[in-house]
Amino acid sequence: MSFDLSLIAVSLPKILQGLGLTLNLLAVSTLFGLILAVGILLMRLSRRAWLIWPAKAYIYFFRGTPLLVQLFVIYHGLPQFGFIRQSVLWPLLREPYWCSVIALSLNTAAYVSEILRGGVLGVDKGLIEAGKALGLSKFQRTSRITAPLAVRLALPAYSNEIVSMLKSTALASTVTLMEMTGVARTIVADTFAPYEIFIAATIIYLVLVWIIQTGFTLVETYANRHVRKT
Amino acid sequence: MSVLDGWWDDFFFGLMTVLQVFFVALVIAVACGLLGASAKLSKSRILRAIAQAYTVVFRGAPELLVLLLFYFGMAITLTSIVQAFDPSVKFIDLPPFWAGSIAIGLIVGAYMTETFRGAFLGVDRGQIEAARALSLKRHQIFRYVRLPQMWRLALPNFGNHMLSIMKDTALVSIIGLEEILFVAKMANSLIHRPFLLYMTVALIYLAMTTVITFAVGWLEQRANRHLRGAR
Amino acid sequence: MADIIVLEKMNKFYGTYHALKDVDLTIAKGEKVVVCGPSGSGKSTMIRCINRLEEHDSGRIVVGGQELTDDEKKIDLVRREVGMVFQSFNLFPHMTVLENLTLAPRLVRKMATGEAEAIAMKYLTRVRIPDQANKYPSQLSGGQQQRVAIARALCMNPEVMLFDEPTSALDPEMISEVLDVMTDLAREGMTMVCVTHEMGFARSVADRIVFMDQGEIVEVSTPAEFFAAPKSERARTFLGQILAH
């Protein structure tokens, strides 16, 4: 066995061909996931049992089962039903890309809604009382006090969730998508040089993680400029 | 669910495999976490750098990639080692069980490193000072003041890491270990009921993660019993 | 009387900040000294140097005949004879009151559990809360917690007790229960160094009052002198502020 450094250099550009799809999956699922998460959060924070209960069940299911299994249920499982194959959604549901986006979005929404809820619950009750005492309406209190502070509190955990999403996109390779891990697996099947190729792919992922974390650090610094010590 | 008749015993053995991977990976993760945390807290710059590299790589790389790297990489390494003694050998792989358990253990160990480190530093400085003022020795402070409270501080994250390990075991089906997702794939190729089969897998995992959640909740309640009267 | 604490030309820096400047102070066995001064004057830093929770940068500190240096053994010897009470109590939250009290006697003095518990109960009785022995700190009021902390220090049978603003974190109605315990202790002849703003306590208990400002000892007087006619302008200003309310 020999470890071939030049093979890493050669394979990097090949694996980078999958970068576009990786980032595409990440961006689209993060966006859909966030929208869905806010909806679930509002249900969860409402005072109506018939809204809270489904939100809790959703979070419980998607956080309690492996993403890979969720992906298989959607990609392999749903076509079992005739009505799915006849539905307007079928052109989407037979595409591995959309199945991956759906699985990733549904999965992350459960985590993100809990992250946001943590932020909301973390807002100092005294500030909300101060808002009440000043005569702000419920909507004003939510939009001017609770939401901005909750977002700031949730940012660190949210950045971790984005990193975790980036890593999860690798699972799309199990449903034939040629994102970075998929490309790497194909090259390994050809060259049978797993160390070099997978390490090359790992390097790219680590750079992406670094970019995400640095970006969020900048956002956090900006968002928390009011507490910065001079 | 009569379509699943004949497959229940396969699911049962698959579940046993899941539990075995879970416990082996958990032991590895705790060991790596304790080693990593001690290295990060040590005075040696080299140890700190190694621990830092470990956590950056294993928390940044996709779990699937680490698993594939371990499985195929170890296969290459083992094969070349064995071929050096016996050239007639064609291919030897690290059993998927061990490749999977070690990979998952190392990944979650990187997260546990941060959890244990945070718990160590999370014990209030004033208490450490009080212990020093009472002239307790360094190891006594660790044993009687830090360690009992680290457990309480680490528990919530520790619970999440256990859930991660449980869910990561599903990945091991990709390298051919016959756990429940693998069983579902096999069964599907014969009875063609993918939704039913994969949903069964999901529900089995849900049951496992529920058990872990309740167990951790119970442990947390026990660990926090001295805070009962907290005002 | 023998000198139990000697500070000579002691200096302490935090980076470039000069926290203690040429501090000289000698405390005799049995003496009760109250240290006061505005916040940031270095009073807490000074008493934290006496049991080496802070390291001094120059000068000498001798406690009970042992000079404090990097020597861990000597630091341990000194800490065994010096009890300390903190502003924020610093009780171990995961141990019951009794466990808090018996920990150091068992580990440091190698005392048997039964003996350590007997001593603990003696001091709990003295601080007037023997009935709380099996509770956890979080189940007690602040005043009770601080009295447990005093008992915990006493269980090591120290020669000297250091108090670092023991009543500053307490609600007003609980301050007197802690001061009463400290006054009892003073009457029994304990050597005490107290950083406190409780001027009533200082007046009735202290043998000497040390006034500090900006890292220096500005004046050392008897309570009678200090309250009637402070020698320095800075002490007058400080007293004016603190007695105004």
Side-chain angles (χ1 to χ4, degrees), chain A residues 1-3 22 60-81 84 107 160 163-174 179-182 184-185 188-189 192-210 212-213, chain B residues 18 56-81 83-84 91 107 111 160 163-164 166-174 180-181 184-185 188 192-210 212-213:
Chain A
M1 185 192 91
S2 63
F3 188 78
T22 293
Y60 171 64
F61 180 82
F62 280 95
R63 296 206 313 169
T65 54
L67 174 58
L68 183 65
V69 177
Q70 294 161 14
L71 180 61
F72 277 23
V73 168
I74 293 167
Y75 179 70
H76 296 294
L78 289 183
Q80 179 185 329
F81 302 107
I84 297 270
N107 183 269
N160 286 339
V163 168
S164 158
M165 275 287 275
L166 169 71
K167 300 196 296 174
S168 298
T169 58
L171 294 182
S173 67
T174 62
E179 45 64 70
M180 292 203 298
T181 301
R185 289 172 75 176
V188 170
F192 220 74
Y195 281 120
E196 292 86 344
I197 310 299
F198 287 142
I199 285 173
T202 302
I203 292 169
I204 304 175
Y205 279 107
L206 292 183
V207 171
L208 291 178
V209 168
W210 181 81
I212 293 171
Q213 284 171 340
Chain B
V18 166
V56 166
V57 171
F58 281 87
R59 298 200 313 162
E63 293 83 351
L64 177 60
L65 205 49
V66 175
L67 182 68
L68 294 172
L69 177 63
F70 253 80
Y71 179 61
F72 291 110
M74 291 311 279
I76 295 265
T77 307
L78 280 179
T79 306
S80 60
I81 291 172
Q83 274 174 346
F91 183 79
I107 292 165
Y111 289 90
N160 286 334
L163 293 176
S164 297
M166 178 50 76
K167 289 183 278 179
D168 283 347
T169 58
L171 296 176
V172 184
S173 66
I174 294 171
I180 49 180
L181 188 56
K185 283 187 211 171
N188 187 44
H192 308 294
R193 291 290 171 82
F195 186 84
L196 187 63
L197 285 164
Y198 291 127
M199 211 55 188
T200 305
V201 173
L203 292 178
I204 295 174
Y205 270 112
L206 199 57
M208 293 300 112
T209 51
T210 305
I212 294 172
T213 307

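Order of the sequence lines sets the chain letters (A, B, ...), proteins ahead of strands, with each chain counted from 1. Quick caveat: nothing in here was measured; it's all calculated off a predicted structure.
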Checklist outcome for this item: Counting heavy-atom pairs under 4.5 Å with chain B, the top scorer among A/Phe61, A/Phe72, A/Trp210, A/Tyr205 is A/Phe72
Item to check | Leading residue by heavy atom contact count with chain A [cutoff under 4.5 Å; candidates B/Phe70, B/Tyr71, B/Tyr205] | outcome: B/Tyr205
Item to check | Side-chain heavy atoms of B/Ile76 within contact of A/Pro194, under 4.5 Å | outcome: yes
Checklist entry - Does any heavy atom of chain A fall under 4.5 Å from the side chain of B/Val66, the backbone, both, or neither of them? => result neither
Checklist entry - Quick one: what part of A/Thr174 sits under 4.5 Å from any heavy atom of chain B, side chain, backbone, both or neither? => result side chain
Checklist entry - Between CD1 of A/Ile199 and CG of B/Leu65, what distance do you get to the nearest 0.5 Å? => result 9.5 Å
Next on the checklist: So for B/Leu171, is it side chain, backbone, both, or neither that comes closer than 4.5 Å to the heavy atoms of chain A?
Outcome noted: both
Next on the checklist: For A/Phe198 and B/Phe72, take the angle between the two ring planes, folded into 0 to 90°, and tell me which bin it lands in: parallel under 30, tilted 30 to 60, perpendicular over 60.
Outcome noted: tilted
Next on the checklist: Quick check on the interface: out of B/Ile174, B/Asp168, B/Leu203, who has the most heavy-atom pairs with chain A under 4.5 Å?
Outcome noted: B/Ile174
Checklist entry - Which atoms of B/Leu163 come close to chain A, meaning under 4.5 Å heavy atom to heavy atom: side chain ones, backbone ones, both, or neither? => result neither
Item to check | Largest heavy-atom contact set with chain A, pairs under 4.5 Å, which of B/Arg59, B/Gln83, B/His192, B/Met166 | outcome: B/Arg59
Checklist entry - Looking at A/Leu208, A/Leu206, A/Val209, which one has more heavy-atom pairs under 4.5 Å with chain B than the rest? => result A/Leu206
Next on the checklist: Shorter than 4.5 Å, heavy atoms on both sides: which option in A/Met180, A/Arg185, A/Gln70 has the most such pairs with chain B?
Outcome noted: A/Arg185
Checklist entry - Does any heavy atom of chain B fall under 4.5 Å from the side chain of A/Ser173, the backbone, both, or neither of them? => result side chain
Checklist entry - Between atom CD of B/Glu63 and atom NZ of A/Lys167, what is the distance when rounded to the nearest 0.5 Å? => result 4.0 Å
Item to check | Residue part contacting chain A, namely of B/Leu69, when any heavy atom lies under 4.5 Å | outcome: both
Item to check | Polar side-chain atom of B/Lys167 near backbone of A/Leu68 as donor-acceptor pair, under 3.5 Å | outcome: no
Next on the checklist: Once rounded to the nearest 0.5 Å, what's the spacing between atom OG1 of A/Thr65 and atom CE of B/Met199?
Outcome noted: 8.0 Å
Checklist entry - Between B/Tyr198 and A/His76, what is the ring plane arrangement, given parallel below 30°, perpendicular above 60°, and tilted in between? => result tilted
Checklist entry - For the side chain of A/Tyr195 and the backbone of B/Gly73, is there at least one donor-acceptor N/O pair under 3.5 Å apart? => result yes
Checklist outcome for this item: Correct closest heavy-atom pair for B/Ala170 and A/Val69 would be CB-CG2, 4.2 Å
Item to check | Contacting moiety of B/Leu206, where chain A heavy atoms sit under 4.5 Å | outcome: both
Next on the checklist: Heavy-atom pairs under 4.5 Å with chain A - which of B/Leu197, B/Thr169, B/Leu68, B/Thr209 has more of them than the others?
Outcome noted: B/Leu68
Checklist entry - Where does A/Tyr60 contact chain B at under 4.5 Å (heavy atoms): side chain, backbone, both or neither? => result both
